[in-house]
Amino acid sequence: MLKAVILFGVFVLLSVLVSRTVYFSQKSSPVMECKTTDADFIVLSNLRLNRFQTALQFQTISKSAEDYNREALQNFGDFIVKNFPHLHNSSLVELEYVGNYSLLYGVKGSNPQLKPYLLMSHLDVVPATNLEEWDAPPFSGDILNDHIYGRGSIDVKQCVMGILEAVEFLLSTGIQPKRSFYIAFGHDEEVQGNSGAKMISKRLKEKGVHTLEFISDEGLPLTEGIIPGIGKAVARQVSIVGVSEKGQVLLRLSVQDAPGHSSMPPKESTIGILAKAIHKLESNPHPSMLGYGAETAMLEQLAPEMNVIQRFVIANIWLFKPLLSWIMSQKPLTNAMIRTVTAVTIFNAGVKNNIIPPLAEAVVNHRVHPSQTIEEVVEYDRAIIADSRVKIKIESFTDPHPIAGFTDNDFGFQALKTSIRQVWPGSLVVPGIMLANTDTRHYLNFTSNVYRFSPTYMFPGDQNRFHGINERISIKNYEQVINFFYHLIRNSDQTGVTSVHVHHQDL
């Protein structure tokens, strides 16, 4: 009897596992591609290309809060106003300068009943280093092997100029969008955005804007092989739309004791005590949040493109979570997707080579998973260290962002998904977590539907170009950037978004 019950239980379990695997094998419906022969395809003319090259020549560098190149920002803003005449002479558009250099546009739609949305980007860039290693000067906009080189070409002037070109094209055809929208270009995103995005947010409130349909900002790019930690990588293009953003907490750990002479050392020094605490933190990572966050939906939506074994595991995360968490923990990228990560960034101690140091300090940088709170992270650290001699002080923190909607019924996500698939019809569009930080934190009071996606294709190794050497974008990709933003604007005019590539009758 017992054997029969066990066999029946095994049969039921296998049936559940197999049925879920079959369900997760269903692929998305195809979309109609945006073709170069379409009336609403924006060709990258020499004029548009030259405008982008010129934009890369402005050295809009931010080094720290309040230390940014004001002259370059002013000149870049003047260039934008001069070179996009339809945008800046349209009765539908209002431009305001915020904090002297940030740009806030309001574009009036024909249907005031539709809730407006916001397109974001930023004007500033990080400094360029190792100049002798660049194939082309970092502020030249030069073209080599069909790629446009320059600081800001992928972070993130391609989005600034892509949005401007899309709206310029729209207005040049005499079209008024149905849904109103705003465009916000901050000037100090690379140094926290307190003079740019924060002030733009305040200004929107003053203008009576209290809620937005969705917000689109820079984020994760298109790539291939994004899941290297799960056996065979997904071979197709993957577009991960960040539906949340990790938080951050900086902790200062300290151990203090009376100083002494090195000839008569205590059993444990302040350095030894603190080093032991650091070792505990690094040896006991925060728990896997797999199964609780957007990374779970990401894997489940990628499952149809994986082999049978991978689909079997991902379709049944509830059972295989320990195994899958272990696999994803082996790579820094996938490990960061599933948990709060710990990075010891500063360690200071010692005053003289023959004095027992009275104070040892370390700074720990946690990037906090959206399924955890700052308080939970600190208490976990305290429990792992389990030593009252180690004092823990919160230096600064930013809470994880809310999770934006990413179902078939969430308008903003579907507008981005459809636009991506129309311009890159072979791409898999899935939700995910933004591991880095953006200045969208200044806009969270307008909506929880904040989406972080950069329409930039990353070739193998290109991730090192972000804030690195030889930042570049292909000519074809920049044309795609423009068309992505144009389609996003047109798709956002609908009350409900479908995957069909609509050819608008107003062209």
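FYI, side chains are in, hydrogens and waters are out, and symmetry mates aren't considered; it's all heavy atoms of this structure.
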Visitor: With side chain to side chain donor-acceptor pair (under 3.5 Å) as the criterion, how do Q57 and S140 come out once you've worked through the C-alpha distance, each side chain's angles and the decisive distance to 0.1 Å?
Guide: CA-CA 5 Å; Q57 293 169 10; S140 65; over 6 Å; no
Visitor: Would K207 and E94 pass as an ion pair if we require N to O under 4.0 Å?
Guide: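 Yes, charged N to carboxylate O under 4.0 Å.
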Visitor: Determine whether the side chains of H86 and S172 contain a donor N or O and an acceptor N or O closer than 3.5 Å.
Guide: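 Their side chains do not contain a donor-acceptor pair, so the 3.5 Å distance test is not met.
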Visitor: Would you call L359 and S254 a side-chain contact if the rule is heavy atoms closer than 4.5 Å?
Guide: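 With C-beta onward as the side chain, the pair touches.
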Visitor: Could you tell me if the side chain of P137 sits less than 4.5 Å from the side chain of Y149, heavy atoms only?
Guide: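 Not touching, per the 4.5 Å side-chain cut-off.
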Visitor: Taking CG in N145 as the centre, count heavy atoms belonging to other residues, nucleotides or ligands within less than 6.0 Å. Is the count above 12?
Guide: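 Not buried by this count: 12 neighbours or fewer within 6.0 Å.
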Visitor: Can you name the nearest heavy-atom pair linking W134 to A128, along with the distance?
Guide: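 Answer, listing the atom of W134 first, then A128: CZ2-CB, 4.2 Å.
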Visitor: State, yes or no, whether a side-chain contact exists between L281 and L253 at a heavy-atom distance under 4.5 Å.
Guide: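 Yes - at least one pair of side-chain heavy atoms lies under 4.5 Å apart.
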Visitor: Do any N or O atoms from the side chain of T60 and from the backbone of L123 form a donor-acceptor pair under 3.5 angstrom?
Guide: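 At least one qualifying donor-acceptor pair exists.
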Visitor: How long is the straight-line distance from CD of E245 back to CG of L444, given to the nearest 0.5 Å?
Guide: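 It comes to 8.0 Å.
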Visitor: So, for P400 and Q372, which heavy atoms are closest and what is the spacing to 0.1 Å?
Guide: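 Smallest heavy-atom distance, with atoms named: CG-O, 3.6 Å.
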Visitor: Once you measure the plane-to-plane angle for F413 and F406, does it fall in the parallel (<30°), tilted (30-60°) or perpendicular (>60°) bin?
Guide: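 Geometry flag for F406 against F413: perpendicular rings.
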Visitor: Are any side-chain N or O atoms of D188 and backbone N or O atoms of S195, one a donor and one an acceptor, separated by less than 3.5 Å?
Guide: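 Such a contact is found between D188 side chain and S195 backbone.
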Visitor: Is the side chain of S419 donor-acceptor paired with the backbone N or O of A415 at a distance under 3.5 Å, no angle test?
Guide: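 A pair under 3.5 Å: yes.
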Visitor: Suppose we call two aromatic rings close when their centres sit under 6.0 Å apart. Are Y68 and H187 close by that rule?
Guide: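 Centroid separation for Y68 and H187: below 6.0 Å.
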Visitor: Kindly compute the distance separating CZ (F185) from CD1 (I183), expressed to the nearest 0.5 Å.
Guide: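 F185 CZ to I183 CD1: 5.5 Å, rounded to 0.5 Å.
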Visitor: Check ring pair (Phe, Tyr, Trp, His ring centres under 6.0 Å) between H442 and all other residues, then give those that pass, not counting sequence neighbours.
Guide: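 H442 satisfies ring pair (Phe, Tyr, Trp, His ring centres under 6.0 Å) with no other residue.
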Visitor: Within 45 degrees of the ring normal and closer than 6.0 Å to the centroid, is that where the cationic atom of K157 sits relative to F76?
Guide: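 Yes, a cation-pi geometry holds between K157 and F76.
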Visitor: Would you say I215 and M120 make side-chain contact, with heavy atoms under 4.5 Å?
Guide: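 Yes, their side chains come closer than 4.5 Å.
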Visitor: Mark yes or no for whether D124, through its side chain, and S62, through its backbone, hold a donor-acceptor pair below 3.5 Å.
Guide: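 Side chain of D124 to backbone of S62, a donor-acceptor pair under 3.5 Å: no, none is there.
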Visitor: Before accepting this row, confirm whether a basic side-chain N of the pair E395/R252 lies closer than 4.0 Å to the acidic partner's carboxylate O.
Guide: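 Looking at E395 and R252, the cut-off is met.
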Visitor: Keeping the roles fixed (side chain from R441, backbone from Q192), state whether a donor-acceptor pair exists under 3.5 Å.
Guide: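 Between the backbone of Q192 and the side chain of R441 there is a qualifying donor-acceptor contact (under 3.5 Å).
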Visitor: Please say whether the positively charged group of R179, taken as NZ for Lys or CZ for Arg, lies over the ring of F411, i.e. under 6.0 angstrom from the six-membered ring centre and within 45 degrees of the axis.
Guide: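 Satisfied, under 6.0 Å and within 45°.
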Visitor: Hey, mind stepping through R367 and N437 against side chain to side chain donor-acceptor pair (under 3.5 Å) and telling me if it holds?
Guide: CA-CA 10 Å; R367 298 302 175 106; N437 295 124; 3.2 Å; yes
Visitor: Quick check against the 3.5 Å criterion: does Q414 have a side-chain atom that pairs as donor or acceptor with the backbone of T407?
Guide: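 Between the backbone of T407 and the side chain of Q414 there is a qualifying donor-acceptor contact (under 3.5 Å).
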Visitor: Identify whether NZ of Lys or CZ of Arg in K205 sits under 6.0 Å from the centre of the six-membered ring of F446 and within 45° of that ring's axis.
Guide: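 Satisfied, under 6.0 Å and within 45°.
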Visitor: Quick one: does any side-chain atom of E471 pair with a main-chain N or O of D155 as donor and acceptor, under 3.5 Å?
Guide: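 Looks like yes, one N/O pair under 3.5 Å.
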Visitor: Say you draw a straight line from CG of L435 to CG of N335; how long is it, rounded to the nearest 0.5 Å?
Guide: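 Rounded to the nearest 0.5 Å, the CG-CG separation comes to 10.0 Å.
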Visitor: Between I420 and P455, is there a side-chain heavy-atom distance shorter than 4.5 Å?
Guide: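 Sidechains of I420 and P455: no contact.
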Visitor: What I'd like to find out is whether the side chain of L302 reaches to under 4.5 Å of the side chain of V238, using heavy atoms alone.
Guide: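 Heavy-atom side-chain distance check passes, below 4.5 Å.
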Visitor: Kindly check if the number of other-residue, nucleotide or ligand heavy atoms within 6.0 Å of CZ (F347) is above 12?
Guide: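 Result for CZ/F347: enclosed.
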Visitor: Compute both the distance and the angle, then confirm whether R48 meets the cation-pi test with F52: under 6.0 Å from the six-membered ring centre, within 45 degrees of the axis.
Guide: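 No, a cation-pi geometry is absent between R48 and F52.
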Visitor: Just by distance, do the side chain of S329 and the backbone of S325 share a donor-acceptor pair under 3.5 Å?
Guide: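 Checked: pair present.
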Visitor: Using only atom types and a distance under 3.5 Å, with no angle test, would you say the side chain of S427 pairs donor to acceptor with the backbone of V429?
Guide: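 Not confirmed, S427 side chain does not pair with V429 backbone.
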Visitor: Roughly how far, to the nearest 0.5 Å, is the OG atom of S244 from the CZ atom of R452?
Guide: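 The distance works out to 6.0 Å.
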Visitor: Does atom CD (E71) have a neighbourhood of more than 12 heavy atoms from anything else shown, all under 6.0 Å?
Guide: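 Incorrect, the count does not exceed 12.
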Visitor: Classify the side-chain pair N491/Q422 by whether it contains a donor and acceptor separated by less than 3.5 Å.
Guide: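 Their side chains do contain a donor-acceptor pair, which is all the 3.5 Å distance test asks for.
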Visitor: Looking at Q59 and N69, what are the two nearest heavy atoms and their distance?
Guide: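 Heavy atoms of Q59 and N69 come nearest at O-ND2, 3.0 Å.
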Visitor: Would you please indicate if the ring centroids of H286 and H369 are separated by under 6.0 Å?
Guide: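 Not close enough - the centres of the two rings lie 6.0 Å or further apart.
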Visitor: Run the side chain to side chain contact (heavy atoms under 4.5 Å, CB included) check on E218 and E189 step by step: do they pass?
Guide: CA-CA 11 Å; E218 65 171 317; E189 189 274 346; 3.5 Å; yes
Visitor: Using side-chain heavy atoms (C-beta onward) and a distance below 4.5 Å, is P127 in contact with K63?
Guide: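 Yes. Closest side-chain heavy atoms under 4.5 Å.
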Visitor: Drop me the distance from L204's CG to E96's CD, to the nearest 0.5 angstrom.
Guide: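 One gets 8.5 Å once the value is rounded to the nearest 0.5 Å.
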Visitor: Between T456 and P221, what is the shortest heavy-atom contact and its length?
Guide: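 Reported closest heavy-atom pair: O-CB, 3.0 Å.
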Visitor: Any chance the rings of Y105 and H88 have centres within less than 6.0 Å?
Guide: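 For Y105 and H88, the ring centres are under 6.0 Å apart.
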Visitor: Do N483 and E479 pass the side chain to side chain donor-acceptor pair (under 3.5 Å) test, and can you show the C-alpha distance, the side-chain angles, and the key distance before you say yes or no?
Guide: CA-CA 6 Å; N483 282 279; E479 184 177 67; 5.3 Å; no
Visitor: Which heavy atom in I240 sits nearest to a heavy atom in F453, and how many Å separate them?
Guide: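 Result for this residue pair: O-CD1, 4.0 Å.
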Visitor: Without swapping roles, check the side chain of N449 against the backbone of A404 for a donor-acceptor pair under 3.5 Å.
Guide: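 No: the side chain of N449 does not pair with the backbone of A404.
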Visitor: Determine the minimum heavy-atom distance between I200 and S102, stating which atoms define it.
Guide: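 Looking at all heavy atoms of both residues, the closest pair is CD1-CB, 3.8 Å.
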Visitor: N470 and H147: side-chain donor and acceptor closer than 3.5 Å?
Guide: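 Side-chain D/A pair, N470 to H147: absent.
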Visitor: Checking salt bridge (charged side-chain N to carboxylate O under 4.0 Å, His left out) for the pair E165/R51: CA distance, chi angles, key distance, verdict?
Guide: CA-CA 9 Å; E165 293 288 0; R51 281 197 287 238; 2.9 Å; yes
Visitor: Do H487 and R421 pass the side chain to side chain donor-acceptor pair (under 3.5 Å) test, and can you show the C-alpha distance, the side-chain angles, and the key distance before you say yes or no?
Guide: CA-CA 10 Å; H487 281 70; R421 296 182 69 207; over 6 Å; no
Visitor: Does NZ in K108 sit with more than 12 non-hydrogen atoms of other residues, nucleotides or ligands closer than 6.0 Å?
Guide: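 Atom NZ in K108 is not crowded, with 12 or fewer foreign heavy atoms closer than 6.0 Å.
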Visitor: How many angstroms lie between atom CD of E295 and atom CG of L290, to the nearest 0.5 angstrom?
Guide: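 Going from the CD atom of E295 to the CG atom of L290 covers 6.0 Å.
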